[in-house]
Amino acid sequence: MSLDPGPAGNYYDKYRTRNPIARWLMQGFLSGFDRLSNSIPPGPVLEVGCGEGELSMRLAARGHRVRGCDVSADVIDEARGRARSAGLAVEFWQCDIQDLTEQDAAPLVICCEVLEHLLDPQAGLERLALLARPWLIVSVPREPLWCAMNMARGKYLGQLGNTPGHLNHWGRGAFLSQLGERFDIVETASPVPWTMALCKVK
């Protein structure tokens, strides 16, 4: 089963956007993430698909020992630079999700905004179940709200609002049901327009 990501989508720095609506949405996302992650005591963390490192640095600032990986070499360079500027000791390295092994396992695994990009999200969930010992925080765009919001702002109209690179689409119930096959769902958050969950490996 391939875990290769699909075509790369558009990229912009959503955490540092000046758009007031986007900033409000990201504040909701970060508040949901903080609520779920605050229940896990400081310790080793692995972030899969760390992007520019915002969540990794957020956890490192709270005393976690964080490692983060991403498929993009450019975004890893950006994450390293931001961590240095913030004075945070976070290890970032380039790695595809399929190349992660049990040696990379951690008490807490973060995988936010990744599964929608994978050609085989089921295989992605299997890999996350291998890595999480035992905690996982995961998020995906909530459909059809995500696409509807894109169309409302005039984006990707020819694709009915689908963001380039998004290969998989879940409503809240469908995603939680899929998670429930491998994880016990401990707590959820629904910041607009995402589904987010704190899970424990069964």
Side-chain angles (χ1 to χ4, degrees), residues 1-15 29 33 36-37 40 42-60 64-84 86 88-141 163-170 175 178-184 194-202:
M1 293 179 291
S2 173
L3 293 184
D4 291 336
N10 63 327
Y11 171 79
Y12 77 100
D13 188 348
K14 56 186 177 289
Y15 295 106
F29 179 91
F33 177 80
L36 298 187
S37 60
I40 309 300
V45 175
L46 169 68
E47 184 178 7
V48 180
C50 63
E52 58 281 290
E54 179 70 23
L55 300 182
S56 287
M57 291 188 295
R58 208 170 184 86
L59 291 172
H64 292 272
R65 299 187 303 278
V66 187
R67 303 170 70 232
C69 66
D70 198 280
V71 70
S72 167
D74 289 340
V75 83
I76 286 296
D77 286 342
E78 177 68 17
R80 287 171 176 162
R82 293 190 186 189
R84 283 194 301 270
L88 294 170
V90 183
E91 178 188 346
F92 291 111
W93 84 106
Q94 183 185 9
C95 184
D96 292 346
I97 184 174
Q98 74 265 27
D99 294 329
L100 295 168
T101 70
E102 288 183 272
Q103 292 183 338
D104 297 302
L108 173 61
V109 172
I110 308 297
C111 186
C112 290
E113 307 308 286
V114 173
L115 293 173
E116 66 271 20
H117 296 278
L118 300 183
L119 292 173
D120 191 341
Q122 289 287 348
L125 286 170
E126 289 178 10
R127 189 58 54 96
L128 294 174
L130 176 72
L131 296 168
R133 303 289 177 83
W135 298 105
L136 169 71
I137 294 177
V138 60
S139 74
V140 296
T163 300
H166 285 198
L167 306 180
N168 308 291
H169 308 84
W170 293 278
F175 182 64
Q178 199 165 73
L179 278 179
E181 296 174 7
R182 297 176 179 84
F183 301 90
D184 292 321
W194 292 277
T195 300
M196 187 181 294
L198 170 64
C199 312
K200 190 174 185 179
V201 174
K202 289 184 175 180

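Going from atom OG of Ser37 over to atom CE of Met196 covers 9.0 Å, rounded to the nearest 0.5 Å. Atoms CG and CZ, from Leu59 and Phe33 in turn, are 4.0 Å apart once rounded to the nearest 0.5 Å. Taking CG of Leu108 as the start and CG of Leu198 as the end, the distance is 8.0 Å to the nearest 0.5 Å. Atom CE of residue Met57 and atom CZ of residue Phe92 lie 6.0 Å apart, to the nearest 0.5 angstrom. Separation of atoms CG (Leu119) and NE2 (His117) is listed at 12.0 Å; rounding is to 0.5 Å. Separation of atoms CG (Leu136) and CG (Leu46) is listed at 10.0 Å; rounding is to 0.5 Å.
Using a 4.5 Å heavy-atom threshold, the side chains of Trp135 and Leu36 count as separate. Looking at heavy atoms from C-beta onward, Leu128 lies out of side-chain contact with Arg182 at the 4.5 angstrom threshold. Between Cys50 and Ile76 there is a side-chain heavy-atom pair separated by less than 4.5 Å. Residues Arg80 and Trp93 form a side-chain contact, since some pair of their non-hydrogen atoms from C-beta on lies under 4.5 Å apart. Residues Glu113 and His166 have side chains not in contact (no heavy-atom distance under 4.5 Å, counting atoms from C-beta outward). The side-chain heavy atoms of Trp194 and Cys112, taken from C-beta on, include no pair separated by under 4.5 Å. Contact of the Lys200 side chain with the Phe183 side chain is not registered, since no non-hydrogen atoms from C-beta on lie closer than 4.5 Å. For the pair Asn168 and Val140, the minimum side-chain heavy-atom distance is 4.5 Å or more.
When atom types are taken as modelled, the side chain of Lys202 and the backbone of Ala129 share no donor-acceptor pair closer than 3.5 angstrom. A donor-acceptor contact shorter than 3.5 Å links the side chain of Arg127 to the backbone of Gln98. Here the side chain of Asp70 pairs a donor or acceptor atom with the backbone of Ser72 at under 3.5 angstrom. Of the possible donor and acceptor atoms, none in the side chain of His64 sits under 3.5 Å from a partner among the backbone N and O of Pro44. Using a distance-only test at 3.5 Å, with no hydrogens or angles considered, a donor-acceptor pair links the side chain of Asp104 to the main chain of Thr101.
In terms of heavy-atom proximity, Val75 sits nearest to Gly51 at CG2-C, 3.4 Å. In plain terms, the two heavy atoms of Leu179 and Cys199 that are nearest each other are CD1-SG, 3.8 Å. Looking at every heavy atom in both residues, Val114 comes nearest to Gly49 through CG2-CA, 3.8 Å. Nearest heavy atom pair, residue Ala60 against residue Val90, reads CB-CG2, 3.6 Å.
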| request: Applying side chain to side chain contact (heavy atoms under 4.5 Å, CB included), run through Glu91 and Arg65 and close with a yes or a no. | output: CA-CA 9 Å; Glu91 178 188 346; Arg65 299 187 303 278; over 6 Å; no
| task | Decide side chain to side chain contact (heavy atoms under 4.5 Å, CB included) for Arg133 and Val201; before the verdict, give the C-alpha distance in whole Å, the side-chain angles of both, and the deciding distance to 0.1 Å. | result | CA-CA 7 Å; Arg133 303 289 177 83; Val201 174; over 6 Å; no
